[in-house]
Structure formats: C-alpha cells, structure tokens
There are 2 protein chains.
Amino acid sequence: MAESPDIDILARGELFRGVPVEVLRELHAASFRRKFPAGETVFQQEDAVTTFYIVVVGRLRVTQTTLDGQQIIIRYLGPGDVVGYAALTGAPAHPGAVTAVDDCHLIGMPAPMLRDIMSRNSRIAMNAVALMGERYQDLQLRLRELATEKVERRIAHTLLRLSQQAGRRTARGIEIAFPLSRQDLAEMTGTTLHTVSRTLSGWEARGLVDSGRRRVIIAKPEALAEVAEEV
Amino acid sequence: MAESPDIDILARGELFRGVPVEVLRELHAASFRRKFPAGETVFQQEDAVTTFYIVVVGRLRVTQTTLDGQQIIIRYLGPGDVVGYAALTGAPAHPGAVTAVDDCHLIGMPAPMLRDIMSRNSRIAMNAVALMGERYQDLQLRLRELATEKVERRIAHTLLRLSQQAGRRTARGIEIAFPLSRQDLAEMTGTTLHTVSRTLSGWEARGLVDSGRRRVIIAKPEALAEVAEEV
DNA sequence: CGGACTTTTGAAGTAATTCAAGGGGAGTGG
DNA sequence: CCACTCCCCTTGAATTACTTCAAAAGTCCG
C-alpha cells in the first residue's frame with residue numbers, strides 16, 4: 001500500500017476511492033507537489049483550466065467576485081478536497097478564485113490528463129458525480145439559509161459547519177483551525193463585517209464564543225446550535 | 001435514427017448525448033412513460049430514490065422546505081432536463097421535492113438500472129459530471145445574487161433567467177411560458193410575495209412588464225436588464 | 001354566482017446597512 | 001527594544017429596505 005505517500009493520499013481522497021493501484025500509479029507519475037504560502041492565489045476567476053489539485057495540508061478559500069467588486073466566499077477547502085472541480089466537468093474556465101489562507105501543500109496534475117483517465121475509468125467518473133452531488137447539496141442548503149434565515153442564525157450555522165470541517169478541540173472549546181476574520185464570515189453569510197462583529201460581541205458576552213483577531217473559538221457548541229435552530 | 005420517438009428524446013438530452021444507440025435501446029427497454037397533471041407531486045423531499053426521469057413536455061418545480069415550513073424554489077425543470085439527480089449521484093434520498101406546474105410527460109426508469117449502465121458507460125458518467133457542474137454553477141450564481149444584491153435586482157435577474165429557459169415570444173413581449181405566481185417569485189428570490197407584488201407594480205407602471213394572475217410578460221427585456229445590472 | 005385563490009396597497013415596525021470614528025494587536029524597521 | 005504602521009475589530013447614531021400586519025379587490029373555476 002505505502003509505495004508512495006502521495007499515492008496513499010490520493011487513494012484516501014473522495015475522488016480516487018476504490019480506484020485500482022495501477023491507475024493511481026499512472027496518475028501519480030504525472031503529478032507534482034506544489035506549495036502555496038498563505039495568501040497566495042492558486043487560480044483566478046475566469047482563468048483557463050489547466051491544472052487540477054488535491055489538498056494535502058492547509059486551507060484554501062473559494063471566492064466569487066462580482067463586476068462591481070463585491071465578493072462572496074463559496075466554500076473552504078481542506079486536506080483531501082478537490083481544488084478546481086472545473087477540471088472534472090470539462091468547463092473551460094474556473095468559475096471562482098482559489099486562495100490559500102494557510103500555508104498549503106497541493107498535489108497537482110494536468111487537467112486534460114485527469115479527464116482522459118476519468119473517461120477510461122468509470123469508477124473515478126462515478127466518484128466525481130457523487131462529489132459534485134455533495135457540493136451541490138451544500139450550496140442548496142446555504143441558499144435556503146440565506147433565503148429564509150435572519151443574520152444571527154446564518155452566522156451560527158456557518159460557524160457550526162466550519163467547526164465540523166475544521167474544528168480543533170481546545171481547552172476553551174472548539175477552535176476554527178484557520179484564520180477567519182469578521183469580513184470572511186460576512187462574505188460567507190451575505191452580511192457586513194459590522195453586523196458580524198456585533199453578533200459575535202453579543203455571543204461573547206453570553207459566553208458562547210471566544211473570538212479575536214482572525215480567530216474564533218466556539219465555547220458552547222450546544223448553546224450556539226440552539227441559536228441556529230431557534231424559531 | 002427515428003426508431004422510437006423516446007430514443008430520440010433521450011439521445012437529445014444532455015445526459016445521453018453521444019451515447020451508442022444500443023445502450024439507448026437498452027435504457028429504453030426498461031423505461032416507461034408517465035403523465036403528471038399540473039399540481040401533482042413526482043416525489044417528496046426525503047423520499048427514497050427509486051426512479052429517475054427525463055422531462056418530455058411540461059414544467060416542474062424543485063423545492064426545498066425547512067423544518068418550520070418555509071419553502072424555497074431551487075429551480076424549474078423543462079423538456080430534456082433530468083428529474084431527480086440523486087439517482088445519478090447515488091444519494092439514498094431526494095434532497096428536494098418535485099412538483100408539476102403544468103401537465104407533464106416524463107420518461108422514467110429504475111434508478112439502480114441507470115447507475116448500473118452509467119458505471120459501464122463512461123460517456124454517460126462524464127455527461128453526468130458535466131451536468132452536475134452546470135447545476136452547481138447555477139446555484140453559485142444565485143447564492144451570489146442573494147448575498148450581494150437588493151431585492152429589485154434579484155427579481156429582475158430571476159425573471160430574465162426564466163425568460164431564457166422558458167420564454168415565448170408574443171406580441172406584447174417575452175412571456176414566461178408557465179404559471180408563475182408572486183409567491184413563486186418570492187420563493188425564488190428570498191423575499192415576500194408583498195415585495196414582489198410592489199416591485200412588479202412599479203415595473204408595470206413604467207411599462208417594463210405586463211403581468212397578471214400567475215402570468216408574467218416581459219415587455220422590455222433590455223430595460224429590465226438595466227434594472228438587473230444597475231449599481 | 002359563490003367561493004377559493006391570487007394580487008394589491010397602506011401603515012407600522014424592525015433588522016440590518018451605512019456612515020463615522022476610534023481603539024487595539026501583531027509584525028516591522030530603526 | 002521601542003515606536004510606527006497596517007490591519008482588523010468595535011461601537012454609536014442615523015438611515016433604509018424590507019417585512020409584517022391588515023384589509024380589500026380582482027380573477028378564475030365549477
């Protein structure tokens with residue numbers, strides 16, 4: 001199994017699960033490692049799709065920007081996640097930008113090569129369909145939240161979701177394990193940094209969270225879940 | 001080519017494009033036609049995934065409902081569209097409900113059979129990935145609109161999008177070719193029927209639209225596009 | 001022509017944005 | 001090591017877009 005650490009990483013990711021080792025070897029032969037220091041951009045919105053990545057370590061942020069410069073955060077990516085799903089679907093350009101929020105290590109490979117191997121290997125294609133389905137459901141959920149819930153509940157839901165994906169147990173509670181500013185939370189929940197700040201201050205006073213400069217710790221997850229679900 | 005009208009319809013849809021005729025015949029052999037009169041439900045949210053459909057004629061609405069009964073419209077489906085993408089991804093349950101808003105004809109087939117054929121036929125799987133990618137991008141766009149735009153612009157964008165999918169040229173302008181109430185528009189744009197009504201009344205006074213009971217005609221698409229894009 | 005559903009419009013209320021100003025922490029450079 | 005600077009965060013006050021509440025008027029169908 002452990003013929004190469006990278007092959008192991010690929011085999012554990014959602015996309016290449018259950019794929020024969022010889023296919024993984026073929027993929028690995030064409031792949032390369034690349035580091036992105038915090039703040040660096042992997043690709044911009046509208047960039048041509050040339051390369052496909054899998055996250056090894058670190059967090060990345062997927063954003064979309066409007067013509068008038070307003071930005072929203074579509075999602076965060078972490079270890080095992082696919083970066084640049086457009087390489088799977090065959091879209092010519094990236095619909096969003098991806099930026100490292102941490103120092104990141106990615107495994108990259110040429111997009112056409114992935115498409116080629118996928119078309120010869122239905123297991124990968126089936127995995128890709130399942131993966132896209134999950135991401136679609138995520139967005140459906142967020143759309144519903146944005147359409148039906150008030151800001152406070154949206155922020156609560158968002159924090160709880162982030163704590164699932166990237167939570168780290170600490171003495172003071174569950175810490176979101178990457179830098180997360182008020183502005184970031186605002187761009188995830190469709191509000192302003194001011195409102196996020198006020199909301200967190202309120203929770204802080206009630207002891208629900210413990211937050212600071214680009215850092216959020218959920219002190220009482222159950223209580224926050226109540227905020228998220230209350231009518 | 002025209003060995004059966006249904007095979008033709010399948011071949012033209014996005015999912016089975018470029019698939020060998022013998023595979024289409026196999027699919028067709030297991031398929032059946034089914035009518036859903038206006039208002040009837042194809043499946044409910046959380047229903048087990050048993051059957052997969054392609055729309056032949058008519059329009060259907062995909063909705064999601066929250067625990068406290070609030071509903072949002074995820075999208076509308078029309079001729080050629082896939083109904084119940086969960087059958088593609090392998091999800092056990094439908095994430096949303098589907099209802100006919102018109103009288104509809106669908107071609108159905110058992111979901112496990114589709115998955116089986118897809119796993120043996122990578123072209124279908126590749127098409128499915130592309131299809132999910134498109135739907136994902138749609139939702140991304142709507143999420144961005146909901147997060148960054150004011151209600152009037154959202155309604156304008158929504159109407160323009162519907163006119164693309166289901167617009168019919170008439171003497172008075174482009175008519176949305178299925179019954180569409182103020183409530184429906186509200187559930188698509190994350191607002192209330194009152195606000196939609198006021199907004200349409202305003203546009204009506206300016207001659208942009210011509211609307212009535214569950215009916216919307218866009219009289220001046222260019223002018224509406226300006227409303228949608230203005231800063 | 002009755003009754004259900006859809007739409008309209010006014011008035012009051014409110015959640016959240018916008019505008020504005022100041023404060024604090026972390027890192028940098030002298 | 002201290003001061004400077006850049007971000008990021010906080011908080012008040014004013015404004016506003018939208019919702020909520022309420023009532024009435026159309027419109028379609030049997």
Side-chain angles (χ1 to χ4, degrees), chain A residues 37-39 61 68-73 99 101-103 145-156 158-159 176 178-206 209-217 227 230-231, chain B residues 37-39 61 68-73 99 101-103 145-156 158-159 176 178-206 209-217 227 230-231:
Chain A
R61 174 172 47 208
D68 53 312
Q70 284 196 89
Q71 198 178 73
I72 71 157
I73 295 177
T99 311
V101 292
D102 255 343
D103 292 341
E145 283 180 11
L146 207 48
T148 64
E149 296 179 357
K150 299 231 179 292
V151 168
E152 189 179 29
R153 288 184 64 184
R154 299 209 299 266
I155 300 175
T158 300
L159 280 180
I176 309 293
F178 59 86
L180 180 72
S181 70
R182 306 294 183 262
Q183 176 69 37
D184 293 333
L185 273 169
E187 287 176 11
M188 298 183 81
T189 52
T191 181
T192 62
L193 77 158
H194 308 281
T195 302
V196 172
S197 178
R198 279 183 242 271
T199 305
L200 289 188
S201 294
W203 290 345
E204 195 116 33
R206 289 163 56 194
V209 300
D210 174 1
S211 70
R213 190 190 175 87
R214 307 223 283 160
R215 196 179 47 78
V216 181
I217 298 171
V227 172
E230 82 195 351
V231 283
Chain B
R61 175 173 45 210
D68 52 313
Q70 285 195 89
Q71 198 177 73
I72 72 157
I73 296 178
T99 312
V101 293
D102 257 342
D103 291 342
E145 283 180 10
L146 206 49
T148 64
E149 296 179 356
K150 298 232 179 291
V151 168
E152 189 179 29
R153 289 183 66 184
R154 299 209 299 266
I155 300 174
T158 300
L159 281 180
I176 309 292
F178 59 87
L180 181 72
S181 70
R182 306 293 182 264
Q183 177 70 38
D184 292 335
L185 273 169
E187 287 176 10
M188 298 183 80
T189 52
T191 181
T192 62
L193 76 160
H194 308 280
T195 301
V196 172
S197 178
R198 281 183 241 270
T199 305
L200 288 188
S201 294
W203 290 345
E204 196 117 31
R206 291 163 56 194
V209 301
D210 175 1
S211 70
R213 190 189 173 87
R214 305 226 283 162
R215 196 178 46 77
V216 181
I217 298 172
V227 172
E230 82 195 351
V231 282

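So you know, we letter chains A, B, ... as the sequences are listed, proteins then strands, and number each from 1.
Atom CD in A:Glu152 sits about 17 Å away from atom P in C:dT14, given to the nearest Å. Between B:Lys150 atom NZ and C:dA15 atom P the separation is 17 Å, expressed in whole Å. Between A:Glu149 atom CD and D:dT19 atom C1' the separation is 17 Å, expressed in whole Å.
Contact between B:Leu200 and B:Ser211 at its shortest, heavy atoms only, is CD1-OG, 4.1 Å. Here the shortest heavy-atom pairing between B:Thr191 and B:Thr195 reads OG1-CB, 3.4 Å. Shown here for A:Ile73 and A:Asp184, the closest heavy-atom pair between the two residues is CD1-O, 3.5 Å. Heavy atoms only, all atoms of each residue included: A:Ala186 and A:Leu193 are closest at CB-N, 3.6 Å. Of all heavy-atom pairs between A:Asp210 and A:Arg215, the closest is O-NH1, 4.2 Å.
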Checklist entry - When you look at B:Glu230 and B:Glu152, which way does the side chain to side chain contact (heavy atoms under 4.5 Å, CB included) test go after all the steps? => result CA-CA 10 Å; B:Glu230 82 195 351; B:Glu152 189 179 29; 4.2 Å; yes
Item to check | Verdict with reasoning, B:Val151 to B:Arg198, per side chain to side chain contact (heavy atoms under 4.5 Å, CB included) | outcome: CA-CA 11 Å; B:Val151 168; B:Arg198 281 183 241 270; over 6 Å; no
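Comparing the end axes of the helix from C:dC1-D:dG30 to C:dG22-D:dC9, each fitted to five base pairs by superposing C1' atoms of four pairs onto the next four, gives an inter-axis angle of 50° (nearest 10 degrees).
One finds no side-chain N or O of A:Thr192 lying less than 4.0 angstrom from the OP1 or OP2 phosphate oxygen of C:dT18.
Side-chain contact between B:Leu180 and B:Leu159 is present, with at least one heavy-atom pair separated by less than 4.5 Å.
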Identify all pairs in which a protein N or O lies below 3.5 Å from an N or O of nucleotides 6-10 of chain C, and state each distance.
unit_1: C:dT6; atom_1: O4'; unit_2: B:Arg213; atom_2: NH1; d: 3.3
unit_1: C:dT7; atom_1: OP1; unit_2: B:Arg214; atom_2: N; d: 2.9
unit_1: C:dT7; atom_1: OP2; unit_2: B:Arg182; atom_2: N; d: 2.9
unit_1: C:dT8; atom_1: OP2; unit_2: B:Arg182; atom_2: NE; d: 2.9
unit_1: C:dT8; atom_1: OP2; unit_2: B:Ser197; atom_2: OG; d: 2.6
unit_1: C:dT8; atom_1: O5'; unit_2: B:Ser197; atom_2: OG; d: 3.4
unit_1: C:dT9; atom_1: OP2; unit_2: B:Ser201; atom_2: OG; d: 3.0
unit_1: C:dT9; atom_1: O4; unit_2: B:His194; atom_2: ND1; d: 3.2
unit_1: C:dG10; atom_1: N7; unit_2: B:Arg198; atom_2: NH1; d: 3.1
unit_1: C:dG10; atom_1: O6; unit_2: B:Arg198; atom_2: NH2; d: 3.2

